[in-house]
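Note: hydrogens, waters and symmetry copies are ignored here, and every other heavy atom, side chains too, is used. Whatever order the structure lists them in is the order used to number ligands and atoms, beginning at 1. Note that the numbering runs from 1 along the sequence shown for the chain.
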Amino acid sequence: MRGAAGADESRVFERRESAVRSYCRRFDCVFDTAEGSVVRDVTGREYLDFVAGAGSLNYGHNDADMRAALIAHLEQCGIAHSLDLSSSAKSAFLAAFESLVLLPRRLDYRVQFTGPTGANAVEAALKLARKVTGRSNVVAFTNGFHGVSLGALAATGNRHHRVGPQLPLPGVTRMPYDGYQGAGVDTADLLERMLRDPSSGLDAPAAIMLETVQGEGGLNVASAAWLRRVAELAHDSGALLIVDDVQAGCGRTGTFFSFEPYGIVPDLVVLSKSISGYGLPMALLLIRPEYDVWQPGEHNGTFRGNVHAFVTARVALTKFWADADFTAVVARRADLLARGLAEVADSVPRAVPKGRGMMRGVDVGSGELAATITRRCFAEGLMLETAGPYDQVVKVLAPLTTEDEQLQHGLDILLAAARGVDRGPDVGPERDLRGSSGLVPA
Ligand code: PMP
């Protein structure tokens, strides 16, 4: 009955839902239940979910322990909404975050609960950096993605998102990300020169904001040397270093924070997506204490503390981050994934494996080809999305908890799909158009 009703009701999406809907166009079925890395549609068909809520489901769907804690909280009439009032759920989360995430890493951050999306927390970071420094300009990078509200959008490169508001998107200077100008060019040289040169036209920045792995921008990985140098340049020029760890954080690259292996300590860190552990909306801005200069309520919002998310987030931290076991498992799966994707890349002419940790994919050279491959995968029961300026990167964001056999099964489907496609004409030159440079066409 449910299946029949669902199928019938599905027409309501075309009838009523805005044309802005996107993922549902690619995965054209009505989803119903999910567990771990598997989702089921209303007809009972199962799919391996390697989209994972665009990185919001690092621990898979409906983790049994998080679900039990949430149900217990609901059944005892635990607080559901509390503005930013203190609650037992919030104190339990903060204490777990302090003891399991901050202290073991010798990090000292104040935690700001912003509105519950990544963009909300990015807006808070930009505003705070501007307040701290008294400067307005922010350096962001080609192919960066930081959200689509106006302040965050100014820092986002992708033209598809940027032209929507038909407004100037001020306050950001775009610089080339690591590797943007090819392997032989260190783009930090240009940044350094422009920061030092009083006549470069680059206004002294309030912040330099970056992703260590660009999730939406095509799984571009910044090198350790580049990241360290940019961190130094931020420090030397009096700018705050903001690491946007919305997608790369919470274990996605192998460590809790994506910047951990490089020994850099950002001034501000943005976290969202998988911080609740359960796919519930939640976002944090981590602030080095000396920069926590907000006046009470100066940056506020009705939904700053999602109490249900605090409940599941605490369980996620205690279950997965109390020791090094999970990190070791993720490292093993990341190797499996890297090997599988290297094979996929070998099967497509000029394709290149991309990414780091469990944040990986394959640049197959054209959006059309990537779409064909992901469509074939979906027909075989595997959900994958695409990234990059031309959507030319087939992206694998499997939950970190995906069993090895499931991961291998997904990779087998992807490999078969990549081998089976008709590639059509060579599409190489498309890459040079730089659709995610942040330059809006005249
Ligand atoms: N920053 C990064 C790195 C992201 O990947 C995203 C979302 N893809 C955002 C910010 C914006 O998050 P949200 O969609 O929750 O506003």
* Test item, Q214 contacting ligand 1 (heavy atom, 4.0 angstrom) -> no
* Asked: Considering only heavy atoms of D244, which atoms of ligand 1 have at least one such atom less than 4.0 Å away?
  -> 1 (N), 2 (C), 3 (C), 10 (C)
* Which of the ligand 1 atoms, numbered from 1, are nearer than 4.0 Å to a heavy atom of E211 -> 3 (C)
* Charged N to carboxylate O below 4.0 Å: is that the case for D404 and R333? -> yes
* **Test: D84 and K90 ion pair at under 4.0 Å** => no
* Under 4.0 Å from any heavy atom of A119, which atoms of ligand 1 are there? -> 11 (C), 12 (O), 13 (P), 16 (O)
* Asked: Hey, does the side chain of S276 reach the backbone of Y278 with a donor-acceptor pair shorter than 3.5 angstrom?
  -> yes
* To do: Check each atom of ligand 1 against the heavy atoms of T117 and keep those under 4.0 Å away; list them by number with element.
  => 15 (O), 16 (O)
* With under 30° as parallel and over 60° as perpendicular, where do the rings of Y47 and F31 fit, or are they tilted in between? -> perpendicular
* If you measure from the Lys or Arg side-chain nitrogens to the Asp or Glu carboxylate oxygens, is any gap between R288 and D267 under 4.0 Å? -> yes
Identify every side-chain donor-acceptor pair in residues 248-259 under 3.5 Å, counting partners at least two apart or on other chains, and give the distances.
from	atom 1	to	atom 2	distance (Å)
R252	NE	N58	OD1	3.3
R252	NH1	M358	O	2.7
R252	NH1	A398	O	2.8
R252	NH2	N58	OD1	2.9
R252	NH2	A398	O	3.0
T255	OG1	F257	O	2.6
S258	OG	T212	OG1	2.7
S258	OG	D245	OD1	2.6
S258	OG	D245	OD2	3.4

* Asked: When you measure from atom 7 (C) of ligand 1 to every protein heavy atom, which one gives the shortest distance, and what is it?
  -> K273 NZ, 3.2 Å
* When you check the gap from the basic side-chain N to the acidic O, do E192 and R229 get nearer than 4.0 Å? -> yes
* To do: Using a 4.0 Å heavy-atom cut-off, say whether H146 meets ligand 1 through its side chain, its backbone, both or neither.
  => backbone
* Asked: Taking the inter-plane angle between the rings of Y59 and F320 on a 0 to 90° scale, is it parallel (under 30°), tilted (30 to 60°) or perpendicular (over 60°)?
  -> parallel
* To do: Could you see which bit of V246 sits under 4.0 Å from ligand 1, with heavy atoms only: side chain, backbone, both or neither?
  => side chain
* Relative to atom 12 (O) of ligand 1, which among A248, G215, S258, G118 owns the nearest non-hydrogen atom? -> G118
* To do: Identify, by atom number and element, the atoms of ligand 1 in contact range of Q247, meaning under 4.0 Å from any of its heavy atoms.
  => 5 (O), 8 (N)
* **Non-hydrogen protein atom less than 4.0 angstrom from atom 1 (N) of ligand 1** => yes
* Check: S272 N/O within less than 3.5 Å of ligand 1 N/O -> no
